[in-house]
Visitor: 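Next up is a structure, given as C-alpha cells.
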Amino acid sequence: TFRPVRWRLNSIFEGMIMKRYGLFCLLLSVLTSLFIAANAVGAASQVTLVLDGKSPQSQFACEEIKSALTARGHSVRQSDLTELDRVGDDVRIVLAPRSNTDVTAKMQLEGAKPPGVLRSEGYSLRATTKTGRPTYWVVGADAAGVMYGGLELAEVVRLGGLESIADVDHNPYMAMR
C-alpha cells in the first residue's frame, strides 16, 4: 500500500520538473535566437575608415583595422578625411591627428569629449552616435599617435567587436617607443 503513494509523488515531481525544464528550454532558445539576430545585424554593417591616405602611419593602422573588421564579418571601405561629411555608411571610423582641428571640432559636435592631454605618440579613442549612426574617433597627438590609436582600436575590435570600443586617453610610458 505504501508503493502507490510513492509512485504518485514521483510522477507529480517528474511533472513539475518537466514543466520547469520545458520553460527553461523555451527561454534558452528565445535568448539564443535574439543573440544570433543581434550579431547578424552587427556583422552585416558597412564600415568606412576615414583617414589621411597620404600618411603611412594612418595607412598601416587602417590595414590592421580592416583585418579586424573583416574577421568580424563587416564590409569595409576607405575614404579620405576630406570626404568625412559625405560618408553615409552604417559605421564610420575616423583616424586623424589632433592638429586637424576640423575633425576634432566635428567629433565634439557629435557629442564626444575633447581629446585629453596628449604627449608625443599619445592618442584618444572616442565613440559617438548621431542619428543612430556610430562613429569611432582615433585622435593622435601626432602621426605615430594616430597609428598607435588605430592599432589599439583594431585590437579592441578583434577581442570584443565594435561595441567594445570605449573612450580612452593614452600616453606612452616611455618618451620613445
Side-chain angles (χ1 to χ4, degrees), residues 30-55 57-119 121-171:
V30 167
L31 290 174
T32 302
S33 298
L34 289 173
F35 179 77
I36 290 170
N39 283 336
V41 169
S45 67
Q46 173 71 37
V47 180
T48 300
L49 295 167
V50 186
L51 62 136
D52 177 4
K54 295 176 195 149
S55 165
Q57 295 92 339
S58 294
Q59 199 60 47
F60 178 74
C62 177
E63 293 305 317
E64 290 297 313
I65 295 168
K66 278 183 187 176
S67 174
L69 289 167
T70 54
R72 287 255 172 197
H74 297 281
S75 300
V76 184
R77 69 183 195 93
Q78 185 176 328
S79 185
D80 194 78
L81 278 173
T82 59
E83 302 291 317
L84 177 59
D85 291 332
R86 291 184 277 283
V87 173
D89 290 328
D90 299 341
V91 178
R92 297 182 302 179
I93 297 176
V94 182
L95 292 87
R98 179 181 50 199
S99 61
N100 188 327
T101 55
D102 289 341
V103 170
T104 55
K106 287 175 188 166
M107 179 181 78
Q108 290 176 37
L109 279 174
E110 290 198 16
K113 66 180 183 176
V117 177
L118 299 176
R119 296 189 308 269
E121 300 183 352
Y123 60 86
S124 295
L125 300 181
R126 300 288 186 262
T128 62
T129 302
K130 186 174 182 181
T131 62
R133 180 178 64 180
T135 302
Y136 303 97
W137 307 84
V138 178
V139 177
D142 49 24
V146 173
M147 181 187 72
Y148 288 123
L151 295 175
E152 173 69 16
L153 186 133
E155 188 65 17
V156 170
V157 169
R158 276 188 192 93
L159 295 174
L162 287 169
E163 304 78 26
S164 300
I165 299 171
D167 289 2
V168 67
D169 297 312
H170 182 78
N171 286 299

Visitor: Would you compute the distance between atom CG of L162 and atom CG of D90 and round it to the nearest 0.5 angstrom?
Guide: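 Going from CG on L162 over to CG on D90, the span is 10.5 Å.
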Visitor: Identify, with sequence neighbours excluded, every residue that meets side-chain contact (heavy atoms from CB on, under 4.5 Å) alongside R158.
Guide: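 With neighbours one apart ignored, the set is E64, S67, A68, A154, E155.
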Visitor: Output the distance between atom CD (Q108) and atom OG1 (T101), rounded to the nearest 0.5 Å.
Guide: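 Spacing of CD (Q108) from OG1 (T101) equals 10.5 Å.
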Visitor: Which atoms form the tightest heavy-atom contact between H74 and S45, and what is the distance?
Guide: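 Where H74 meets S45 most closely, the heavy atoms are ND1-OG, 2.7 Å.
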Visitor: First locate atom CG of L81, then atom NZ of K106, and finally report the distance between them rounded to the nearest 0.5 Å.
Guide: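 Taking CG in L81 and NZ in K106, the distance rounds to 8.5 Å.
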Visitor: Would you please test R98 and Y123 for side chain to side chain contact (heavy atoms under 4.5 Å, CB included) and show each step?
Guide: CA-CA 9 Å; R98 179 181 50 199; Y123 60 86; over 6 Å; no
Visitor: D102: which residues meet the salt bridge (Lys or Arg N to Asp or Glu O under 4.0 Å) condition with it, sequence neighbours left out?
Guide: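 In terms of salt bridge (Lys or Arg N to Asp or Glu O under 4.0 Å), with neighbours along the sequence ignored, D102 is linked to no residue.
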Visitor: What heavy-atom pair brings D80 and D52 nearest, and what distance separates the two atoms?
Guide: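 Shortest heavy-atom contact: OD1-CA, 4.2 Å.
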Visitor: Determine the minimum heavy-atom distance between L49 and C62, stating which atoms define it.
Guide: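 Result for this residue pair: CD1-SG, 3.5 Å.
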Visitor: Could you tell me which non-hydrogen atom of Q78 sits nearest to which non-hydrogen atom of Q59, and how far apart they are?
Guide: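 Result for this residue pair: NE2-OE1, 3.1 Å.
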Visitor: Taking all non-hydrogen atoms of both residues, which atom of A127 and which atom of D167 are closest, and how far apart?
Guide: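 Nearest heavy atoms, A127 then D167: N-OD1, 2.9 Å.
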Visitor: Run the salt-bridge test on R119 and D142 with the 4.0 Å N-O cut-off and return the result as yes or no.
Guide: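 So R119 does not pair with D142 through a salt bridge.
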Visitor: Evaluate side chain to side chain contact (heavy atoms under 4.5 Å, CB included) for V157 paired with I65, printing each intermediate quantity in order.
Guide: CA-CA 8 Å; V157 169; I65 295 168; 5.7 Å; no
Visitor: Go through the steps for R126 and D169 under the test side chain to side chain contact (heavy atoms under 4.5 Å, CB included), then give the verdict.
Guide: CA-CA 9 Å; R126 300 288 186 262; D169 297 312; 2.8 Å; yes
Visitor: Working to the nearest 0.5 angstrom, can you tell me the gap between R133 CZ and E110 CD?
Guide: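 Here the interatomic distance stands at 6.5 Å.
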Visitor: Run the side chain to side chain contact (heavy atoms under 4.5 Å, CB included) test on V94 and V87 for me, step by step, so that the C-alpha distance in whole Å, both residues' side-chain angles and the decisive distance to 0.1 Å come before the verdict.
Guide: CA-CA 11 Å; V94 182; V87 173; over 6 Å; no
Visitor: So, using side-chain contact (heavy atoms from CB on, under 4.5 Å) as the criterion, who are the partners of P134 when residues are at least two apart?
Guide: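 Result, side-chain contact (heavy atoms from CB on, under 4.5 Å) vs P134: V91, T129, Y136.
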Visitor: Please report the shortest heavy-atom distance between V139 and L118, naming the atom on each side.
Guide: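 Here V139 and L118 meet closest at O-CD1, 3.8 Å.
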Visitor: Kindly compute the distance separating CG (L109) from OG1 (T104), expressed to the nearest 0.5 Å.
Guide: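 Here the interatomic distance stands at 10.0 Å.
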